[in-house]
Number of protein chains: 2
Amino acid sequence: MAKASIQAVAAEAGVSASTVSRTFAKPDLVLPETRDRVLAAAQKLDFQVSRSAAALKSGQSFRIAFLHADTIDVWFNVNVYRGLDSVFHPAGYDISVYSMSNAQDRHRFFTDLPVRRNADAVIVCSFDIDPDEVSRLKDMNVPLIGINTPSIAGLDGAVCIDDLQGMHMALEHLTSLGHRRIAYVYTTSDDAARLRFSAENRLQGLLLAAKAHPDVTIEQIRCSGHEDPTSTALAQLTTMTPAPTAVCFQTDELALPVLYRLPQYGLQVPRDLSVIGFDDIPFASKMGLTTLRQRPQDLGAIAARKAIEAMGGPLPEPRFETVRAQLMLRDTTAIAA
Amino acid sequence: MAKASIQAVAAEAGVSASTVSRTFAKPDLVLPETRDRVLAAAQKLDFQVSRSAAALKSGQSFRIAFLHADTIDVWFNVNVYRGLDSVFHPAGYDISVYSMSNAQDRHRFFTDLPVRRNADAVIVCSFDIDPDEVSRLKDMNVPLIGINTPSIAGLDGAVCIDDLQGMHMALEHLTSLGHRRIAYVYTTSDDAARLRFSAENRLQGLLLAAKAHPDVTIEQIRCSGHEDPTSTALAQLTTMTPAPTAVCFQTDELALPVLYRLPQYGLQVPRDLSVIGFDDIPFASKMGLTTLRQRPQDLGAIAARKAIEAMGGPLPEPRFETVRAQLMLRDTTAIAA
DNA sequence: TTGTATGCGTTATCAC
DNA sequence: GTGATAACGCATACAA
């Protein structure tokens, strides 16, 4: 089972090694009939181009570094990964995932910078990356693309979800149903960098949108990292006076456990309380939660295309992009009581 | 920002390139003080070993192929990935993910076999891989490790969750609470290979365990891929006569939406109906679901260690391993009505 | 369009 | 314990 080299294929096909190389790297530069002969020989010998050798010679690594906050299993991160993969994989790139669960991971990453010479582009996701870190990454001379980064300074491209527009829609939906007392539930946990920004942006979006409605009040329910957010939210929602008639949650993940328990505390949804989430995770549709859909896969795919474009030379066009959230009307919002 | 080569570091440190190489690859073969000098020089020049070059010369690719059914975002798959990464990343390996969402993906993979010469080990997860495919992968002469594979034939190692033991615990728990009429809800969708096996194994486990209790009956509720499983399960659970007093779900994912809707149909949990899930996904604890915990991260880590051992030479020891599920007692089971 | 020659940056093998 | 040297397998400039 000696792994066939490019030489062996060349011999089998009766051509030179360069022709075999070209057949795989730049098929259009080789005569169709030659190409077919080479492909047949390759198939016969079970030949696959060695990525290591190709990488060494070409100076590329065919690896993309994907930096993200928290862990890869959070819904947003893994779906961004899927989007990246849907573009990078067919293009011949592997994705190296670097999870920054805590300050230590992060410190180690930025001192070792294992990405140097080992990535053709860097994708930074939901990351409160500081200017120092940006400049260190830029020193690597590879494209640096952001996804939902708080700032776009120093990036070669970026794509963000439009939290403001999303919350604007949420508020307009609720006010059109007659809601005036609206609560907003969010978390501020230290070890979930992604959530910090979305919490902030979404709150701002809600407050901004509320300015157009002088009679609307927004009550903030803040769940700090130490406590169980479900309990905090339930306690507040059931005891506030005057009681809100609608509540927006920073994320579906936060909303769903509360939605489940509300009946136990005498609140019928949507009769007594309208509920809106954010994200549209799979459980949201299964539980009928009205929510704002964002598609992390799309963000990932857009970022990947920008990266590929930037690797080709000039900066991607457009460099910065914003994607709208979509209001999914389901069973948890109704006319105010 | 010319990327420093190993030569440059050697010059800076006043040693030969070989010594620099050794400092990174086999630090114990080099004198501590020499090592410090080299490390200092490397740090100064921002040097990192080129994985491509190292790979070419050493004959390894430093890549692991991770084949899984369905998509990477399903809870089980992404957590297996985390487990793999926790072992492979520190060991210097990157993971290339190959998602087999459908027959076409799979066919393409096995005809192209992009993994040939480009992976040092193959991990196959939740895969109804057939003998032909196993032998094609084995031809690559790299370790082949399975995770929750239906068969272990031809694999160099494998680790599986003990579905039978898990369901045995579930049944004993329920019978000890006085339940005698127990339902089991499962899905059979074509495009979710993982679920097919777990559905089958878990059902068998339940039936097997029930043999010890002649007065216990197991009613199967099968949700085919075309219909909404939540509706099917609810319809059956609320209309069966005699009504079951407890229900086991194949997965938490299946259980939770049903759990949410049961009160709407007049069934209080656990007063009228006890509910047990399987997996212990994050929402299970948030919603108080009694369930069987499995830890895909552990399976991934175990598989990764077996792979590394097998790459070293002999077969891993033990070659095949089974991990127990753990019963998490929460709020959805109680004494039979 | 295809073949020839060369070198990418590292590691393995051997001396020393 | 360290240094010199050759080779890993391919892609590219250049020649044909």
Side-chain angles (χ1 to χ4, degrees), chain A residues 2-39 41-42 45-63 92 114-120 140-141 311, chain B residues 2-39 41-42 45-63 92 94 114 116-120 140-141 311:
Chain A
K3 25 193 171 184
S5 79
I6 204 170
Q7 324 276 1
V9 177
E12 175 75 25
V15 297
S16 77
S18 359
T19 302
V20 178
S21 172
R22 272 188 287 259
T23 303
F24 287 95
K26 292 160 180 167
D28 38 322
L29 290 188
V30 67
L31 217 56
E33 64 180 60
T34 314
R35 188 167 51 205
D36 291 346
R37 241 184 21 257
V38 171
L39 254 25
L45 301 181
D46 261 346
F47 170 79
Q48 286 285 125
V49 176
S50 156
R51 300 170 66 90
S52 312
L56 177 57
K57 180 58 196 175
S58 67
Q60 299 184 68
S61 68
F62 293 109
R63 276 180 245 249
V115 160
R116 180 173 298 278
R117 302 216 293 164
N118 289 307
D120 298 334
M140 290 175 32
N141 276 327
M311 288 188 266
Chain B
K3 24 193 171 185
S5 79
I6 204 170
Q7 322 277 3
V9 177
E12 175 76 25
V15 297
S16 75
S18 331
T19 302
V20 178
S21 173
R22 271 190 288 261
T23 302
F24 287 95
K26 294 160 181 167
D28 38 321
L29 290 187
V30 67
L31 216 57
E33 64 180 62
T34 314
R35 188 167 51 205
D36 292 346
R37 238 179 29 252
V38 171
L39 255 25
L45 301 181
D46 261 344
F47 170 79
Q48 285 285 126
V49 176
S50 156
R51 300 170 68 90
S52 311
L56 176 57
K57 180 57 197 175
S58 68
Q60 297 184 69
S61 68
F62 294 109
R63 274 180 249 248
D94 270 11
R116 181 173 298 278
R117 303 216 295 161
N118 289 306
D120 297 334
M140 291 176 30
N141 274 327
M311 288 188 266

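Convention: sequence-line order gives letters A, B, ...; per-chain numbering from 1.
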>> I'd like to compare against my own output: the B/S/- annotation of nucleotides 9-16 of chain C with a strict under-4.0 Å heavy-atom distance to protein.
In response: BBBB----
>> Can you give me the closest heavy-atom contact between Ala4(A) and Leu45(A), atom names plus distance?
In response: CB-O, 3.6 Å
Donor-acceptor pairs under 3.5 Å, side chain of residues 11-25 of chain B to any protein atom, not counting sequence neighbours: which ones?
from: Glu12(B); atom 1: OE2; to: Lys44(B); atom 2: NZ; distance (Å): 2.9
from: Ser16(B); atom 1: OG; to: Ser18(B); atom 2: N; distance (Å): 3.4
from: Ser16(B); atom 1: OG; to: Thr19(B); atom 2: N; distance (Å): 3.4
from: Ser16(B); atom 1: OG; to: Thr19(B); atom 2: OG1; distance (Å): 3.4
from: Thr23(B); atom 1: OG1; to: Thr19(B); atom 2: O; distance (Å): 2.7

> For DNA chain D, which residues in residues 29-36 of chain A have a heavy atom at a distance below 4.0 Å?
Replying inline: none
>> Which residues pass the salt bridge (charged side-chain N to carboxylate O under 4.0 Å, His left out) test with Asp120(B), not counting sequence neighbours?
In response: none
> What integer distance in Å separates Asn118(B):CG from dG9(D):P?
Replying inline: 13 Å
> Do you know the tightest heavy-atom contact between Asn118(A) and Arg63(A)?
Replying inline: O-CB, 3.5 Å
Identify each donor-acceptor pair in which a side-chain atom of residues 26-34 of chain A lies under 3.5 Å from a protein atom, sequence neighbours left out, and give them as a table.
none

>> So, taking the atom named CZ in Arg117(B) and the one named OG in Ser5(A), what distance separates them when rounded to the nearest 0.5 Å?
In response: 7.0 Å
Which atom pairs, donor and acceptor, lie under 3.5 Å between side-chain atoms of residues 47-56 of chain A and protein residues at least two apart or in another chain?
from: Ser50(A); atom 1: OG; to: Ser52(A); atom 2: N; distance (Å): 3.4
from: Ser50(A); atom 1: OG; to: Ala53(A); atom 2: N; distance (Å): 3.2
from: Arg51(A); atom 1: NH2; to: Gly92(A); atom 2: O; distance (Å): 2.7

